[in-house]
Number of protein chains: 2
Amino acid sequence: MKKQCPVATTMNLIDNKWKILILRDILKGPKRFGFLKKSVVGISSKMLSQNLHEMERDGILNRKVFPEVPPHVEYSLSPLGESMRPIIRSMEKWGNNYLENVKGKQQIKF
Amino acid sequence: MKKQCPVATTMNLIDNKWKILILRDILKGPKRFGFLKKSVVGISSKMLSQNLHEMERDGILNRKVFPEVPPHVEYSLSPLGESMRPIIRSMEKWGNNYLENVKGKQQIKF
DNA sequence: CTGTATCCAGACTGATACTG
DNA sequence: CAGTATCAGTCTGGATACAG
């Protein structure tokens with residue numbers, strides 16, 4: 001019986017950049033659809049909706065509907081999602097270091 | 001002037017799961033094309049080649065050609081690539097914990 | 001406000017073949 | 001061994017429109 005790769009396992013749950021960026025935001029606290037739509041620069045409603053559903057299905061996020069008019073929906077982290085904080089933190093640290101020490105000293109397109 | 005998001009910066013350089021899986025392997029030591037082709041389950045020669053080129057262009061990988069017959073090419077980490085180790089490590093840790101404590105069970109232990 | 005539905009262009013894959 | 005080239009079929013993602 002073949003042992004599963006832990007890195008691949010992780011990537012099966014956060015398999016695109018949108019999920020990483022969504023997590024980045026919700027790690028700071030519960031967020032609404034409209035907020036995420038603006039905060040996750042470049043994402044379409046379709047992709048946001050789809051990724052939120054997948055993350056809810058995978059047990060990373062909780063979805064709470066407030067019975068109000070106009071509609072109010074909040075996405076928050078489950079314990080499983082919260083446990084991903086170190087992954088996002090490591091990316092944040094790396095990105096900060098890159099922006100401070102690397103970018104501009106090399107020719108990399110953004 | 002708007003501050004760039006470090007997480008998004010990171011995701012601009014490792015923007016798909018192939019790169020993560022390639023990094024995972026090369027972090028253990030220099031690897032050859034054929035090894036990666038087998039190790040990164042599901043990747044095609046085309047995608048492997050493409051991603052290796054992009055990572056080399058972005059300064060993450062070094063490519064070394066040994067003047068031998070048959071050809072021998074080795075991919076290794078640059079310092080910038082090496083600095084990504086904590087990101088992969090955090091994913092590895094998370095994946096291990098997930099496989100041990102979450103998958104197949106209802107209860108989440110954290 | 002919070003999404004769904006639809007169309008379509010481009011990205012990706014697998015297969016196959018071929019080169020140095 | 002280490003790729004590149006090409007084709008066809010599939011899937012993803014963006015744009016747009018619209019609904020509850």
Side-chain angles (χ1 to χ4, degrees), chain A residues 5 8 11-26 28-58 60-78 81 109-110, chain B residues 5 7-8 11-23 25-26 28-58 60-78 81:
Chain A
C5 170
M11 289 311 291
N12 281 334
L13 291 185
I14 41 175
D15 50 4
N16 66 57
K17 67 188 285 184
W18 299 134
K19 288 183 183 174
I20 301 281
L21 296 175
I22 291 168
L23 266 180
R24 172 202 60 185
D25 286 336
I26 305 186
K28 297 171 189 164
K31 294 286 175 288
R32 298 175 62 167
F33 189 92
F35 177 93
L36 293 168
K37 184 75 168 43
K38 289 178 187 171
S39 177
V40 181
V41 178
I43 198 170
S44 61
S45 291
K46 182 183 169 184
M47 281 299 101
L48 178 54
S49 175
Q50 182 177 309
N51 280 290
L52 288 171
H53 282 313
E54 288 176 6
M55 292 167 83
E56 189 192 2
R57 179 203 62 194
D58 292 337
I60 295 171
L61 296 185
N62 296 131
R63 181 175 186 269
K64 181 174 184 183
V65 180
F66 295 80
E68 300 174 3
V69 177
H72 181 167
V73 180
E74 236 177 48
Y75 295 91
S76 59
L77 290 176
S78 68
K109 170 181 161 261
F110 274 95
Chain B
C5 170
V7 178
M11 289 312 290
N12 280 333
L13 290 185
I14 42 175
D15 51 4
N16 66 58
K17 66 187 283 184
W18 297 135
K19 288 183 183 175
I20 299 282
L21 296 174
I22 290 168
L23 265 181
D25 285 337
I26 305 186
K28 297 173 189 163
K31 294 287 176 284
R32 300 174 62 167
F33 189 91
F35 177 93
L36 294 169
K37 183 73 168 46
K38 289 179 186 171
S39 178
V40 181
V41 178
I43 199 170
S44 63
S45 292
K46 189 178 168 184
M47 281 300 102
L48 178 54
S49 176
Q50 183 177 308
N51 280 290
L52 288 171
H53 282 315
E54 288 175 8
M55 294 167 83
E56 190 191 359
R57 179 203 65 195
D58 291 339
I60 296 171
L61 295 185
N62 296 132
R63 181 173 185 270
K64 181 175 183 183
V65 180
F66 294 81
E68 298 174 5
V69 176
H72 181 167
V73 179
E74 239 178 44
Y75 294 91
S76 58
L77 290 176
S78 69

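Numbers restart at 1 for each chain; the letters A, B, ... are given by sequence-line order, proteins then strands.
Looking only at distances, no side-chain donor or acceptor of A:N12 sits under 3.5 Å from a matching main-chain atom of A:D15. A donor-acceptor pair under 3.5 Å is formed between the side chain of B:N16 and the backbone N or O of B:W18. Side-chain atoms of A:N51 never come within 3.5 Å of backbone atoms of A:E54 as a donor-acceptor pair (strictly under, hydrogens ignored).
A straight line from CG of A:D15 to C1' of D:dG13 spans 13 Å, rounded to a whole angstrom. A straight line from CG of B:L48 to P of C:dG14 spans 13 Å, rounded to a whole angstrom. When rounded to the nearest whole Å, the span between CD of B:E54 and P of C:dA11 equals 11 Å. For the pair A:H72 NE2 and D:dG20 P, the interatomic distance rounds to 22 Å; values are reported in whole Å. If you measure from atom CD1 of A:I43 to atom C1' of C:dT2, you get 14 Å, rounded to the nearest angstrom. Distance, A:K38 NZ to C:dT2 C1': 13 Å, rounded to whole Å. Rounded to an integer number of Å, the gap from B:K37 NZ to D:dC1 C1' is 13 Å. At whole-Å resolution of the value, CH2 in B:W18 and P in C:dA11 are 17 Å apart.
The ring pair (Phe, Tyr, Trp, His ring centres under 6.0 Å) with B:H72 is formed by just one residue from the set B:F33, B:F35, B:F66; it is B:F66. A:Y75 pairs in a side-chain hydrogen bond (donor to acceptor under 3.5 Å, both in side chains) with only one of the listed residues (A:K31, A:R32, A:R63, A:E56), which is A:R63.
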Practice problem: Any chance you could lay out the side-chain contact (heavy atoms from CB on, under 4.5 Å) test for B:L77 and B:L61, step after step, and finish with the verdict? | Solution: CA-CA 5 Å; B:L77 290 176; B:L61 295 185; 3.8 Å; yes
Practice problem: Let me have DNA chain C in dot-bracket notation, would you? Count Watson-Crick plus G-U wobble pairs, both distances under 3.5 Å, and use [ ] for pairs crossing earlier ones and | for inter-strand partners. | Solution: ||||||||||||||||||||
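With D:dG14, C:dT2, C:dC12 as the choices, the nucleotide that has an atom nearest any side-chain atom of A:P71 turns out to be C:dT2.
Both B:E74 and A:N16 lie near DNA chain D, and the one whose nearest nucleotide falls closer to the 5' end is B:E74.
With a 4.5 Å cut-off on side-chain heavy atoms, A:L48 and A:I22 count as touching.
Note that the CG atom of A:L36 and the CD1 atom of A:I26 stand 5.0 Å from one another [nearest 0.5 Å]. We find the CG-CD1 distance between A:L52 and A:I60 to be 11.0 Å, quoted to the nearest 0.5 Å.
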Practice problem: Take nucleotides 3-10 of chain D nucleotide by nucleotide from the 5' end and write B, S or -, depending on whether a protein heavy atom sits under 4.0 Å from the base, only from the sugar-phosphate, or from neither. | Solution: SB--B---
